[in-house]
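Written out below as structure tokens is the structure these notes cover.
Each chain gets a letter, A, B and so on, in the order the sequences are listed, and its residues count up from 1.
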Amino acid sequence: MISLTSNPIDIASAYKYLQADGAGAIDLFLGVVRDNTQARPVDRLEYEAYDRMALSEMKKIADEACRRWNILKFVVIHRTGLLRIGEMAVLIGVSTPHRADAFDATRYIIDTIKQTVPIWKKEVFTDGEIRVNATP
Amino acid sequence: MISLTSNPIDIASAYKYLQADGAGAIDLFLGVVRDNTQARPVDRLEYEAYDRMALSEMKKIADEACRRWNILKFVVIHRTGLLRIGEMAVLIGVSTPHRADAFDATRYIIDTIKQTVPIWKKEVFTDGEIRVNATP
Amino acid sequence: MNASINVLLFGITRDITGQTAIQHPLAPHARVSDLLIQLHGQYPRLADIRALLVAVNGEYAEPDTKLKSTDEVALIPPVSGG
Amino acid sequence: MNASINVLLFGITRDITGQTAIQHPLAPHARVSDLLIQLHGQYPRLADIRALLVAVNGEYAEPDTKLKSTDEVALIPPVSGG
């Protein structure tokens, strides 16, 4: 399941979706808005996406993960719009029979999302300055 | 936060506990009861623990993880008693400023729990046979 | 009647152009690299972006990809999702 | 009056002994290895466990750890949590 949403991401429904009788392991990675970037205090983030392409690039990444690892179910949800400190920007979840695959696949998906998916973050600092396109 | 419990593990409260203003990443690993072990159908599992020592060994593991990685908050919850297919036997959660630490620490904690924490699994197969102490 | 192509803008390219999309004239047999050169001429600050990619119809495109007026082109500055 | 020590049993050692704890006589200056030898004599199937460890007061103990009657001893067969 892949989605872009401007609503808060719900971890419980992601977990529910990931359940499978053959699953022995579920890894959930949550990317959260932190209160600073390189020690500079952050007020909020704004995420903008090229929706159609973001969805298709996320699908490519998930498909590649399914080729590399034994994945039973996966969830990739990226939020867009205005996000405050502590809010979830992204949730990646993978269920697998054994745990190594769950960790490896989840990590691959988030690492690759950060490289190829057309989503952009605008950081608004507490001093009012705005920074576009700072890659983490 | 470290606990042993005979009640179902609640992912939402674990997530809530892990939140921290400086957290940019949260990794949650869930160990789930799968419907088979080496292709043999499983009916249920029963987990038994040497409670006092299981708690102190889990604490040692979490302390070591906190020495190795920059961890803001952690949750380690292991369930005991009778578990059915799909139920969570263990939840490990770690929040960190950056994602590599969250993945590494979570994986270290679950891998080490499986080696040193005095908890034992009894597998009850659908044909009624019971197997004690099969290490995965 | 001159052909034109629709170019979607994202991230810092929106700030540079002040727009979310532009209609740009399309020369016959134009390729992605031709379009980029023209846009750089029109908006010199685009050249400051360290790795500006172009998508055509929702897929990353090479500099020699040919363009037609019905294509949906997008400028893709370095992504920062996740 | 003979000293004795309380030995907690877990996992397969419960199945082998049919008990969750046993009181075992404790010789003066006995060490963990002495206790294990005696228990192996009493329950030969304990020797089938490929790596049977012993905890004393909730900590993994070495074979030469000395025992006293107030210690809480536990037999720790290979763990399988997680």
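- Aromatic pair A/Y50/A/W120: ring centres not closer than 6.0 Å.
- In this structure, the separation between CD1 on A/I61 and SG on A/C66 is 12.0 Å, given to the nearest 0.5 Å.
- For C/L53, no part lies under 4.5 angstrom from a heavy atom of chain A.
- Looking only at heavy-atom pairs under 4.5 Å with chain C, the residue among A/P118, A/A54, A/A89 that has the most is A/P118.
- Put simply, the side chain of C/N6 never gets that close to the backbone of C/E72: no donor and acceptor are under 3.5 Å apart.
- Of the listed residues (A/R67, A/K59, A/K60), just one forms a side-chain hydrogen bond (donor to acceptor under 3.5 Å, both in side chains) with A/D63, and that residue is A/K59.
- Heavy-atom distances place the backbone of A/Q115, and not its side chain, under 4.5 Å from chain C.
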